[in-house]
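By convention in this document, chain letters (A, B, ...) are assigned in the order of the sequence lines, proteins followed by strands, and residues within each chain are numbered from 1.
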Protein chains: 2
Amino acid sequence: MKIGELASATATKVETVRYYEKIGLLPPPARTSGNYRAYGSEHLARLSFIRRARDLGFTLEAVRELLTLSDDKAQSCEAVDGIARVHLTEIDRKVTDLTALRNELDRVIGSCRHGTVADCKIIETLGPRVRANIV
Amino acid sequence: MKIGELASATATKVETVRYYEKIGLLPPPARTSGNYRAYGSEHLARLSFIRRARDLGFTLEAVRELLTLSDDKAQSCEAVDGIARVHLTEIDRKVTDLTALRNELDRVIGSCRHGTVADCKIIETLGPRVRANIV
DNA sequence: CTACACCCTGTAGCAACTACAGGGTCAAGC
DNA sequence: GCTTGACCCTGTAGTTGCTACAGGGTGTAG
């Protein structure tokens, strides 16, 4: 398999595949006589794994750990579970934060009376608390 | 006001203040005889605005636009409203995506039977669809 | 007068790619 | 046999929004 084929099979860009190789996530494949990368099914499997984990929001470092763990089939699955749970907690925090921010922004937008910028409540909300002695 | 004072007044790091100056978000202040930056209340106001907008998740580019708009007090507030609404839509999309991802991850974790990695449902879920003819 | 907190510039680093520049390879069509 | 065009190669620089030095200078308190 050439890099373009591997890339399209995993919905990845060619540059990203090379990047994963460079940072050691994807092992360097064999080369053809013309110096083209020649991938096998094990590369396809590994890259699929990486992409799936990335889609679930795992960082590349987490993916690296998961890959290492998944290579040792005899090991307990607890470490894997742990990584996933930590990640879940992080996502929950993000959703909470983002929802709070969303509501705040919604409130700010709702206050807009569509006048001029001078009266704009959005700008006003963003601006500093104006004290009387500061013009 | 020295840079450290401005920074702590706006809960910003000193390096970040200098960074905002470098990218043209914050105008270069006057300098003291010792070449220290000397800020006035207009800098404090502007930096407060930037931080508030950043806290609401606006990108620096959006902040730049908002600052430009807020400088023209006579202008209609519609452009401001537009930027904020686009941003709100983006946040909504993010929350939706993140929630879907969260549930997917929760499902994956829930399937964990705490055995060995060989039987780990998490790893399995991340791996490629295994077809019979590929070992 | 010396210690220490603060300031200065400039550069490099972070995640996770993405986008060139400037070349080489390969298969198809004439 | 030759050209065209799609693909591949390496290497470097850009993206966002900072953060962290390195290697200096300034200002003030004891």
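- With contacts defined as side-chain heavy-atom distances shorter than 4.5 Å, the pair A/Val17/A/Leu26 qualifies.
- Every residue meeting the ring pair (Phe, Tyr, Trp, His ring centres under 6.0 Å) condition with B/Tyr39, not counting sequence neighbours, appears here in chain and number order: B/His43.
- Near DNA chain C, meaning a heavy atom under 4.0 Å from it, residues 53-62 of chain A has A/Arg54, A/Thr59, A/Leu60 in order of number.
- Listed by chain and number, the residues in a salt bridge (Lys or Arg N to Asp or Glu O under 4.0 Å) with A/Arg107 are A/Glu104 (sequence neighbours excluded).
- For B/Asp106 and A/Arg85, the salt-bridge test fails: no basic side-chain N is under 4.0 Å from an acidic carboxylate O.
- Heavy atoms of B/Arg18 sit under 4.0 angstrom from at least one base atom.
- Proximity of residues 1-16 of chain A to DNA chain D (heavy atom under 4.0 angstrom from any strand atom) is restricted to A/Lys2, A/Ile3, A/Gly4.
- In terms of the ring pair (Phe, Tyr, Trp, His ring centres under 6.0 Å) criterion, residue partners of A/Phe58 (sequence neighbours excluded) are, by chain and number, A/His87.
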Side-chain donor/acceptor pairs under 3.5 Å, residues 90-98 of chain A, sequence neighbours excluded:
from    : atom 1 : to       : atom 2 : distance (Å)
A/Asp92 : OD1    : B/Arg102 : NH1    : 2.7
A/Asp92 : OD2    : B/Arg102 : NH1    : 2.8
A/Thr96 : OG1    : A/Asp92  : O      : 2.8

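- With sequence neighbours excluded, no residue forms a side-chain hydrogen bond (donor to acceptor under 3.5 Å, both in side chains) with B/Arg18.
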Show me the side-chain donor-acceptor pairs of residues 6-14 of chain B shorter than 3.5 Å, one per line, residues at least two apart or across chains.
from    : atom 1 : to      : atom 2 : distance (Å)
B/Ser8  : OG     : B/Gly4  : O      : 3.3
B/Ser8  : OG     : B/Glu5  : O      : 3.2
B/Thr10 : OG1    : B/Leu6  : O      : 2.8
B/Thr10 : OG1    : B/Ala7  : O      : 3.2
B/Thr10 : OG1    : B/Thr12 : OG1    : 2.9
B/Thr12 : OG1    : B/Thr10 : O      : 3.0
B/Thr12 : OG1    : B/Arg51 : NE     : 3.2

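- Rounded to 10 degrees, the angle separating the terminal helix axes of the helix from C/dC1-D/dG30 to C/dC30-D/dG1, each built from five base pairs, is 20°.
- One finds the CG atom of A/Leu60 at 5.5 Å from the CG atom of A/Leu25 (value rounded to the nearest 0.5 Å).
- Remark: A/Glu21 pairs with A/Arg37 by the side-chain hydrogen bond (donor to acceptor under 3.5 Å, both in side chains) rule, at least two apart or across chains.
- In A/Glu78, the CD atom is not crowded: 12 or fewer heavy atoms of neighbouring residues, nucleotides or ligands sit closer than 6.0 Å.
- Between the side chain of A/Arg46 and the backbone N or O of A/Ser41, no donor-acceptor pair lies under 3.5 Å.
- If you measure from atom CZ of B/Arg37 to atom P of D/dG25, you get 17 Å, rounded to the nearest angstrom.
- Taking 4.0 Å as the cutoff to heavy atoms of chain B, we find the contact window on DNA chain C bounded by C/dC6 to C/dT11.
- For B/Asp55, there are no salt bridge (Lys or Arg N to Asp or Glu O under 4.0 Å) partners at least two apart in sequence or on another chain.
- A residue-by-residue look at B/Arg51 and A/Gly34 shows that A/Gly34 has its nearest nucleotide of DNA chain D further toward the 5' end.
- Nearest-nucleotide mapping onto DNA chain C: of B/Tyr39 and A/Tyr20, the residue sitting toward the 5' end is B/Tyr39.
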